[in-house]
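In what follows, a single structure is set out as structure tokens and then discussed.
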Amino acid sequence: MDVEGFVAKGFEPVRDAFVQNFEAGLENGAAFAAAIEGEPVINIWGGFTDRARTKPWARDTLVPVHSTTKPIAALIVAMLVEQGKLYYESPVAAVWPEFAAEGKGAVTLAQAMAHQAGVPGFSERIDTALWLDPPALSAALAKLAPLWTPGAACGYHAMTYGYIAGEMVRRVSDRSLGAILRQDICEPLGVDFWIGLPDSEHARCAEQQLPSKLPDLGHLTEAKRAAFMVPWAAPRPDAAWRRAEIPAANGHGTALAVAQLFAAYANAGRISETRVLDPEIFAELTAQRINADDLVMPFRMSWAAGVMVNNNRIYGPNTRTLAHAGRGGSFGLGDPTRGLSAGYVMNKLAPALQTDERGQRLIRALYASI
């Protein structure tokens with residue numbers, strides 16, 4: 001197959017792994033990028049943007065990366081912590097008083113960003129249109145009773161994470177989380193990533209091919225059902241969904257953009273030569289907050305304030321790596337030992353809760369090339 005883009009000398013095995021994913025029939029269209037110290041060493045793409053396989057993937061094809069959005073949103077929250085507008089150890093209710101309802105008054109921002117707030121979804125039916133109205137959804141979320149004692153455990157807040165983060169930003173800033181990302185990071189640094197995609201960019205988006213089965217969550221509990229399984233757990237991914245700001249789940253970007261943004265996690269708050277976060281605040285953002293069996297995901301999770309800590313070595317051999325996957329298999333990672341960041345995006349979704357065979361093949365090839 002034809003692979004476009006570039007691969008720096010020594011990283012050819014990554015291109016080979018990328019091709020192998022297509023040859024194995026695992027891809028329709030995809031892209032992969034990596035950077036060292038914020039400078040790209042790989043940016044490749046191939047395949048098709050549509051299910052009919054008539055439109056070739058391009059350099060600027062945009063892909064919804066689903067939960068790979070979460071650590072990108074966490075960077076914006078951390079920027080407001082640096083500005084003194086938010087504090088990780090202060091209660092969410094300090095700036096969002098309504099969130100204190102039903103015993104959530106002591107939940108700190110750090111706990112909420114580490115999936116410990118106890119509100120992973122709505123057990124009772126809601127109108128799915130609420131997901132496209134962040135202030136209204138946040139108001140409904142604030143009223144929820146937690147499904148476990150907040151702070152005592154973690155349970156993946158697949159969608160609700162983004163509304164907590166977005167509402168906290170909205171309460172202390174005159175700009176939305178997506179607007180801050182665009183205006184303060186992406187536009188100045190030339191990063192093609194969006195949370196809240198304007199209509200002018202929709203034509204660049206790849207069509208998604210949904211998986212044929214749901215992910216295996218293990219024994220179903222109320223928390224798992226609320227987060228993933230009920231019919232109202234998420235909105236339909238249409239044009240209105242692309243426009244909405246959902247900082248947990250609907251970031252759109254290229255693989256290179258993901259690698260550029262995760263460079264902040266690889267380089268102590270720097271993206272190339274630009275410092276996005278002060279080292280002290282970066283340390284607060286990336287400190288492990290909990291390492292426990294997750295009440296929603298069927299495995300043990302290690303959470304910092306909005307990003308996974310790679311204790312399970314899914315994202316390469318370094319347990320200090322900071323990473324996150326998105327629905328279907330996309331991922332971003334930042335390895336602070338090597339100054340290495342990477343992003344993988346695709347439009348053929350797998351029923352994976354972390355990376356699947358495709359991502360693992362790329363990660364192994366990447367580390368073998370260093």
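We use all heavy atoms of the structure for the numbers below, so side chains are in, but hydrogens, waters and symmetry mates are not. Please read these numbers as outputs of a predicted model, since none were measured by experiment.
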Does the gap between the ring centers of His115 and Tyr161 come in under 6.0 Å? yes
Keeping the roles fixed (side chain from Asn310, backbone from Tyr315), state whether a donor-acceptor pair exists under 3.5 Å. yes
Assess whether atom CD of Gln183 is packed by more than 12 heavy atoms of other residues, nucleotides or ligands within 6.0 Å. yes
Exercise answer: donor-acceptor pairs, residues 187-200 side-chain atoms, under 3.5 Å, sequence neighbours excluded:
residue	atom	partner	partner atom	Å
Asp192	OD1	Trp194	NE1	3.0
Asp192	OD1	Arg204	NH2	3.1
Asp192	OD2	Arg204	NH1	2.7
Asp199	OD1	Arg243	NE	2.5
Asp199	OD2	Arg243	NE	3.4

Is a side-chain donor-acceptor pair under 3.5 Å present for Asn311 with Thr319? no
Donor-acceptor pair, Arg236 side chain versus Asp238 backbone, under 3.5 Å? no
Could you give all pairs that pass the salt bridge (charged side-chain N to carboxylate O under 4.0 Å, His left out) test and reach residues 102-131, with sequence neighbours left out? none
Can you list every pair that meets salt bridge (charged side-chain N to carboxylate O under 4.0 Å, His left out) and has a residue in residues 36-45, with sequence neighbours left out? Glu37-Arg270
Approximate separation, where rounding is to 0.5 Å, of Ser341 OG and Leu333 CG: 7.5 Å
Atom pairs and distances, side-chain donor-acceptor, residues 205-219, under 3.5 Å, sequence neighbours left out:
residue	atom	partner	partner atom	Å
Glu207	OE1	Arg51	N	3.2
Gln208	OE1	His66	NE2	2.6
Asp216	OD1	Gly218	N	2.9

side-chain hydrogen bond (donor to acceptor under 3.5 Å, both in side chains) pairs touching residues 128-157, sequence neighbours excluded, are Ser67-Tyr156, Lys70-Tyr156
Residues in ring-ring contact (aromatic ring centres under 6.0 Å, His included) with Phe18, at least two apart? Phe22
Taking only distance into account, with no hydrogens and no angle test, what donor-acceptor pairs under 3.5 Å do side-chain atoms of residues 356-370 form with protein atoms, sequence neighbours excluded?
residue	atom	partner	partner atom	Å
Asp356	OD1	Arg358	N	3.2
Asp356	OD1	Arg358	NE	3.3
Asp356	OD2	Arg358	NE	2.9
Asp356	OD2	Arg358	NH2	3.0
Glu357	OE2	Arg361	NH2	3.1
Arg358	NE	Tyr344	OH	3.4
Arg358	NH1	Leu26	O	3.3
Arg358	NH1	Glu27	OE1	3.0
Arg358	NH1	Lys348	O	2.7
Arg358	NH2	Gly328	O	2.8
Arg358	NH2	Lys348	O	3.3
Gln360	NE2	Ile314	O	2.9
Gln360	NE2	Thr355	OG1	2.5
Arg361	NE	Gln20	OE1	3.3
Arg361	NH1	Asn21	OD1	2.4
Tyr367	OH	Asp335	OD2	2.7
Ser369	OG	Ala365	O	2.8

Sidechain-backbone polar pair: Asp294 side chain, Val296 backbone, donor-acceptor under 3.5 Å: yes
Taking distance alone, no hydrogens or angles, what donor-acceptor pairs closer than 3.5 Å link side-chain atoms of residues 82-89 to residues at least two apart or in another chain?
residue	atom	partner	partner atom	Å
Glu82	OE1	Asp278	N	2.7
Tyr87	OH	Gly84	O	2.9
Glu89	OE2	Arg289	NH1	2.7

Could you state the interatomic distance from CD (Glu280) to CG (Leu285), rounded to the nearest 0.5 Å? 13.0 Å
How about CG on Asp2, more than 12 heavy atoms from neighbouring residues, nucleotides or ligands closer than 6.0 Å, or not? no
Distance alone, cut at 3.5 Å: any donor-acceptor contact between the side chains of His202 and Arg242? no
Under 3.5 Å: donor-acceptor pair, side chain of Thr49, backbone of Pro56: no
Test question: given the 4.5 Å side-chain rule for I, L, V, M, F, W and Y, name all other residues clustered with Phe48, or answer none. none
Measuring from Leu147:CG to Arg225:CZ, what's the distance to the nearest 0.5 Å? 12.0 Å
Does Ala52 have any side chain to side chain contact (heavy atoms under 4.5 Å, CB included) partners at least two apart in sequence or in another chain, and if so, which? Asp50, Thr54
Using a distance-only test with no angle check, is there a side-chain donor-acceptor pair under 3.5 angstrom linking Arg300 and Asn312? no
Please determine whether a side-chain nitrogen of the Lys or Arg among Glu167 and Arg170 lies less than 4.0 Å from a carboxylate oxygen of the Asp or Glu. yes
What pairs meet the salt bridge (charged side-chain N to carboxylate O under 4.0 Å, His left out) rule with one or both residues in residues 107-117, with sequence neighbours excluded? none
So, using ring-ring contact (aromatic ring centres under 6.0 Å, His included) as the criterion, who are the partners of Phe262 when residues are at least two apart? Tyr265
Sub-3.5 Å donor-acceptor pair from the side chain of Asn250 to the main-chain atoms of Ala244, do we have one? yes
Under 4.5 Å between any side-chain heavy atoms of Met308 and Leu322, yes or no? no
Please check: side-chain N/O of Thr254 versus main-chain N/O of Asp60, any donor-acceptor pairing under 3.5 Å? no
With a 3.5 Å distance limit and no angle check, can you tell me whether Ser173 reaches the backbone of Arg175 through a side-chain donor-acceptor pair? yes
Student check: side-chain heavy atoms of Val107 and Phe99 closer than 4.5 Å: yes
Measure from the side-chain N and O atoms of Trp45 to the backbone N and O of Phe32, and report whether any donor-acceptor pair falls under 3.5 Å. no
Could you check whether any side-chain heavy atom of Val65 comes within less than 4.5 Å of a side-chain heavy atom of His252, counting everything from C-beta outward? no
